[in-house]
Amino acid sequence: MAATITGGAAKVATDAVAAATGTGNAAGVSAVSGASQVAHTGLALVMDGIEYFITVPMVYLSVAFLLVAIAAKLVRSFRAGPPPFQLALYPVPRHPLIASLRDTFGMPQILKIEPLFWFFLVMYHVGFLLLILGHLDILSGINLVPPESRHMLGAGAVGVMVTLPTFYFLGRRFRDANRVISTPGDYLLLLLLLFLFLFGDLMSWGNSWTASGFVMTKADFARYFDGLASFSFADPRTVLHGAHYHFVVIHVLLANLLFITLPFTKVVHAFFSLPLNLVRRQPWKES
Amino acid sequence: MEGILSPAESAALKELFEKKLNGVMRMYLDTCARCGICVESCHVYASMPEVKYTAVGRAEVVRKIFRRYFRMQGRFAPWLGEVLEFDEATLNAVYDAAFSCTGCRRCMVHCPFGIDTQQVMAIAKALLIGADREPKVLSMLADMSIAKGEGIEETRADYAQALKNLEGEVKAIWPVPEGTSAIPYEAKEADVLYVALAGSHSIVSAAAIMNAAGEKWTLSSFEAVNFATFVGDSGKAKRVAQRIIDEATRLGVKEVAVVECGTAFRYLRHMIGPQKFRVVAFVELIDRYIREDRIRLDKSRLPESVTYHDPCQIARNSGIMEEPRRILRAISDRFVELRPNREENWCCGGGGGLVAMGELDFRMKSSRVKADQLKASGAQIVTTACENCHSQLSDLNEHYGLGMRVEFLSHLVAKALVLPGERFRR
Amino acid sequence: MADYETKKTLDYKGLKCPMPIVKISQELPKVGIGDIVEVLTTDPGSLSDFPAWAKTTGNQVVETRQEPGLIKIYVKRLK
Ligand code: SF4
Ligand code: SF4
């Protein structure tokens with residue numbers, strides 16, 4: 001079993017883990033999540049069902065949908081054929097591919113025109129990549145952060161890296177011309193992301209920056225993720241205890257919603273930026 | 001509801017839209033993040049700040065139609081993307097977007113994804129043609145070009161006579177040996193087919209320069225400009241260009257040199273696919289003559305300070321940027337750059353057919369930044385390499401009282417030509 | 001060379017592309033059907049442009065005359 005690292009809170013958490021895996025004592029469980037021990041009836045039972053649906057089957061469905069829809073979109077766009085003539089801009093850079101990569105990942109145009117926006121964009125996109133990494137890290141097979149750690153990757157900082165810029169992006173949408181060009185969908189997408197991040201922050205900040213922690217540790221989440229990865233269809237409720245559980249469910253729900261809507265939003269720029277920048281930088285071969 | 005098109009009309013427009021949806025276009029329509037980076041790029045917005053005059057503002061009109069007819073949200077949540085139906089108001093917005101855009105592609109330089117608003121506007125223009133709302137003057141000019149191609153045999157002799165009458169003006173700049181033509185026409189064994197415009201100003205200086213360089217050239221029967229591209233009719237544009245392709249092929253020339261006209265050059269250089277000949281801009285030819293020492297130029301004839309306006313279709317959209325600068329440095333010690341310049345130069349504001357359409361009031365208001373930029377250069381002469389830019393710059397010069405002189409690059413070069421044995425300053 | 005009365009003389013000398021054609025298409029409707037206007041120009045291209053334009057718009061170029069430095073085109077409004 002994991003060693004007690006930071007006193008009481010960790011001890012409790014470790015106990016919870018132990019309890020869930022059946023190696024600890026039953027008292028540990030009731031101490032942490034007494035509420036869950038009460039037999040559910042009526043509405044509570046319905047809620048349990050909904051929460052189970054959100055945290056397990058819906059996750060599979062939305063991830064599958066995301067992959068299929070994105071693939072379909074890519075195939076459709078790439079198979080629709082080339083434009084009638086080449087659309088490059090001049091002067092042509094010496095290495096068009098490198099220039100396109102630079103455009104895509106460095107966004108030099110934005111740096112020049114709106115440096116603050118660029119700063120937040122870079123922070124956000126780097127944060128987003130770390131976020132994906134941080135979630136993968138939860139799987140027990142990957143351990144960038146020690147499995148027994150209370151923290152997840154970045155100890156809450158990654159959450160800040162995406163949350164702060166999202167606030168900025170949202171505020172920016174209300175400014176000048178940006179307000180006029182923004183559609184309701186643009187605001188909704190940002191709000192969805194914002195709430196998704198805030199609930200995520202609640203977990204990671206709670207674990208990292210409060211004395212008692214978020215109660216659920218990386219190891220707890222690992223059990224949930226491993227369950228998903230192994231298609232065990234186990235109810236995460238059995239490994240994630242406490243009243244905070246509902247926050248986890250909301251976080252997962254928002255993530256599911258994002259997965260489902262993402263292929264229909266401008267987030268597809270993640271896939272189209274490089275091809276489009278190549279169109280701009282690489283002229284067709286002259287005859 | 002009032003103003004809504006009949007289902008058949010809508011369906012026809014939808015079909016026209018769909019024809020334009022190549023892979024890149026689909027990505028242009030799906031990718032825009034509405035980040036607003038392109039807002040300040042457009043000279044129209046920079047001169048008269050209304051969001052409908054930004055690149056993204058224009059493209060959104062087309063995207064809102066796209067979302068309505070080609071995206072699921074158009075059916076399930078139309079309010080999400082504020083979709084537009086085909087109706088009177090939409091078509092008016094489409095017109096405003098398309099024909100207030102000069103197709104300069106300055107916005108494409110700044111967009112982080114490189115979205116080509118001129119391409120997105122190509123959809124708008126196709127829809128307007130479908131709805132019979134395109135600017136009639138542009139289609140009339142395109143039709144004229146096509147009819148000219150069909151009837152050329154009937155007018156060829158008159159044209160040839162007019163060229164003969166013009167030879168004196170060419171010889172006044174550069175004499176040719178007795179018995180040779182100063183404006184070769186239908187010349188077999190020519191290496192270069194020079195495609196001019198209707199006006200003698202597009203022929204005389206160029207002829208003198210090519211004669212001075214000892215070029216084996218011949219003049220085209222046709223005007224280089226392609227008004228069908230302005231109106232957005234790709235079918236007609238092909239037919240207009242085909243006249244020149246056929247002529248060049250028949251004469252067996254190695255190169256087609258395009259007069260100082262941006263649209264003509266970009267179309268022939270980049271949009272007609274591989275041919276048996278190369279397409280060069282006339283400024284490229286001048287630059288080549290200078291570098292090969294085939295013409296000599298006297299710097300002392302141009303004492304004024306001079307700047308250069310990069311025509312959008314020749315510079316950022318076709319890559320001719322250093323040639324005109326080398327030429328200007330060969331005829332002047334007082335060349336100054338406009339700021340910004342090259343691919344970031346402000347559009348003159350006359351592109352996209354606006355000059356032909358008249359639109360003087362809009363052209364002047366929407367190009368205030370251009371006038372400011374010209375004034376800030378402090379130059380006495382502004383040169384350019386595009387007929388359309390020249391017209392617009394002349395109008396700006398007058399309207400804003402800039403007190404400059406607007407010149408074609410080729411005219412300044414012709415004036416600087418040094419005759420054999422003449423003394424000159426390099 | 002037929003003799004005819006011209007209603008109007010339009011001076012298009014030295015205009016830039018495509019102004020002569022744009023202008024004639026605006027000016028011709030101002031004279032009566034059957035009337036003839038005289039266009040003065042220096043553009044060699046006009047000798048093919050005007051007939052082609054007339055054909056597409058249903059009007060007629062009745063005659064062209066030229067001398068060094070000047071081209072005269074006689075356009076008859078038919079529509
Ligand atoms: S810069 Fe590009 S992505 Fe941003 S709003 Fe303009 S067109 Fe859209
Ligand atoms: S192409 Fe030029 S005129 Fe059109 S939106 Fe872009 S910057 Fe403006």
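Since the model is a prediction, treat every value here as computed from it, not as a measurement. In what follows, chains carry the letters A, B, and so on, assigned in the order in which the sequence lines appear, proteins first and then strands, with residues in each chain numbered from 1. The figures here come from the full heavy-atom set of this structure, side chains too, leaving out hydrogens, waters and symmetry mates.
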If you draw a 6.0 Å radius around [atom1] in [X], do more than 12 non-hydrogen atoms from other residues or ligands fall strictly inside?
{"X": "B/Q242", "atom1": "CD", "value": "yes"}
{"X": "C/K16", "atom1": "NZ", "value": "yes"}
{"X": "B/R156", "atom1": "CZ", "value": "yes"}
{"X": "B/K238", "atom1": "NZ", "value": "no"}

(message) Does either side chain, that of B/D158 or that of C/Q66, offer a donor lying less than 3.5 Å from an acceptor on the other one?
(response) no
(request) Any chance you could measure C/S48, atom OG, to B/E153, atom CD, to the nearest 0.5 Å? (result)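 The OG atom of C/S48 sits 10.5 Å away from the CD atom of B/E153.
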(request) State the CE-CD distance between C/M19 and B/E387, to the nearest 0.5 angstrom. (result) 9.5 Å
(request) State, to 0.1 Å, how close C/P44 and B/L166 come at their nearest heavy-atom pair, and which atoms those are. (result) CG-CD2, 3.7 Å
(request) Can you see which heavy atom on C/D43 is nearest to which on B/G199, and at what distance? (result) OD1-CA, 3.3 Å
Go through the atoms of [X] and report whether side chain, backbone, both or neither lie under 4.5 Å from a heavy atom of chain C.
{"X": "B/S394", "value": "side chain"}
{"X": "B/E223", "value": "side chain"}
{"X": "B/E150", "value": "neither"}

(request) Name the option with the most non-hydrogen atom pairs under 4.5 Å to chain C; the candidates are B/S221, B/A196, B/S391, B/G151. (result)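 Heavy-atom pairs under 4.5 Å are most numerous for B/S391.
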(message) Just so I understand: if I count every heavy-atom pair under 4.5 Å between each of C/I21, C/V22, C/D49 and chain B, which residue has the most?
(response) C/D49
(request) Under 4.5 Å, counting heavy-atom pairs only, tell me which of C/G69, C/A54, C/G45, C/P51 racks up the most with chain B. (result) C/G45
(request) In sequence, state the C-alpha distance, the side-chain angles, and the governing distance for C/W53 and B/M140, and then conclude on side-chain contact (heavy atoms from CB on, under 4.5 Å). (result) CA-CA 8 Å; C/W53 170 82; B/M140 172 201 74; 3.4 Å; yes
(message) Using side-chain contact (heavy atoms from CB on, under 4.5 Å), reason through B/F227 and C/C17 one step at a time and then give a plain yes or no.
(response) CA-CA 11 Å; B/F227 286 99; C/C17 160; 4.1 Å; yes
Does any backbone or side-chain atom of [X] lie under 4.5 Å from a heavy atom of chain B? Answer side chain, backbone, both or neither.
{"X": "C/Q26", "value": "neither"}
{"X": "C/K55", "value": "side chain"}
{"X": "C/L15", "value": "backbone"}
{"X": "C/T42", "value": "both"}

(message) Going by side-chain contact (heavy atoms from CB on, under 4.5 Å), C/T56 matches just one of B/I146, B/D143, B/L141. Which one?
(response)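 Exactly one pass, corresponding to B/D143.
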